[in-house]
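Side-chain atoms are counted along with the backbone in the values below, which use heavy atoms only and exclude waters and symmetry mates. Just so it is clear, the model here is predicted, and its values are computed rather than measured.
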Amino acid sequence: MSNALLVLNAGSSSIKFSVFQAGNLDPLFGGRVTGIGTAPHLVIRDASGATLDQQTPADAAGFDHAQALGLILEQIDRRLDGDRIVGAGHRVVHGGIAYATPVRIDPHV
């Protein structure tokens, strides 16, 4: 069993994600759910950009970020084939003058 890392980037109407083998900066696969709250659509691509799967959830009207993340996690679990996520990170964008470069989020930040 190998270890994998999950990187998320949630926005107001989408969640993007990438899955990496731990210790390797090349993504295994990734994708996005777009149109959250209006017309959600999931696309998953392999490392070369080839489409692995596309889905449009049936209940689009009530589809929220929690459901989008659940769908993403189901797809990841299916594709990891016994590997496990051992760490996850989330990209946070902050537009202030105090943090003009990437920083690790800690109690001070």
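At a cut-off of 3.5 Å, with distance as the only test, a side-chain donor of R45 or T51 sits close to an acceptor on the other residue. H41 and T56 share a donor-acceptor pair across their side chains, judged by distance under 3.5 Å alone. When only modelled atom types and interatomic distance are considered, D53 and Q55 share a side-chain donor-acceptor pair under 3.5 Å.
Interatomic distance, S18 OG to I76 CD1, rounded to the nearest 0.5 Å: 9.0 Å. The CZ atom of R32 sits 7.0 Å away from atom OG of S14, with the distance rounded to the nearest 0.5 Å. Put simply, CD on E74 and CG on L42 are 10.0 Å apart, with the number rounded to the nearest 0.5 Å. Note that the CG atom of L28 and the OG atom of S2 stand 9.0 Å from one another [nearest 0.5 Å]. Rounded to the nearest 0.5 Å, atoms CZ (F29) and CZ (R79) are 6.5 Å apart. Atom-to-atom distance recorded for L69:CG and I36:CD1 is 9.0 Å, nearest 0.5 angstrom.
Placement of L80 and L52 within a single hydrophobic cluster is found when ILVMFWY residues are connected by side-chain heavy-atom separations under 4.5 Å, directly or transitively.
Listed for the H65 side chain is a donor-acceptor partner under 3.5 Å among the backbone atoms of G11. Side chain of Q75 to main chain of I72: no donor-acceptor pair is present (N/O by atom type, distance under 3.5 Å, no hydrogens or angles). Looking at N3, its side chain never comes within 3.5 Å of a backbone N or O of V86 through a donor-acceptor pair.
Looking at L6, L73, V7 one by one, the single match for side-chain contact (heavy atoms from CB on, under 4.5 Å) with F17 turns out to be L6.
P57 has its side chain within reach of L71: a pair of non-hydrogen atoms, C-beta onward, lies under 4.5 Å apart. Side-chain contact check for L5 versus I85: every heavy-atom pair is 4.5 Å or farther apart.
Minimum heavy-atom separation, V33 to A68: CG1-CB, 3.9 Å. Here the closest heavy-atom approach between residue A47 and residue P27 is recorded as CB-O, 3.1 Å.
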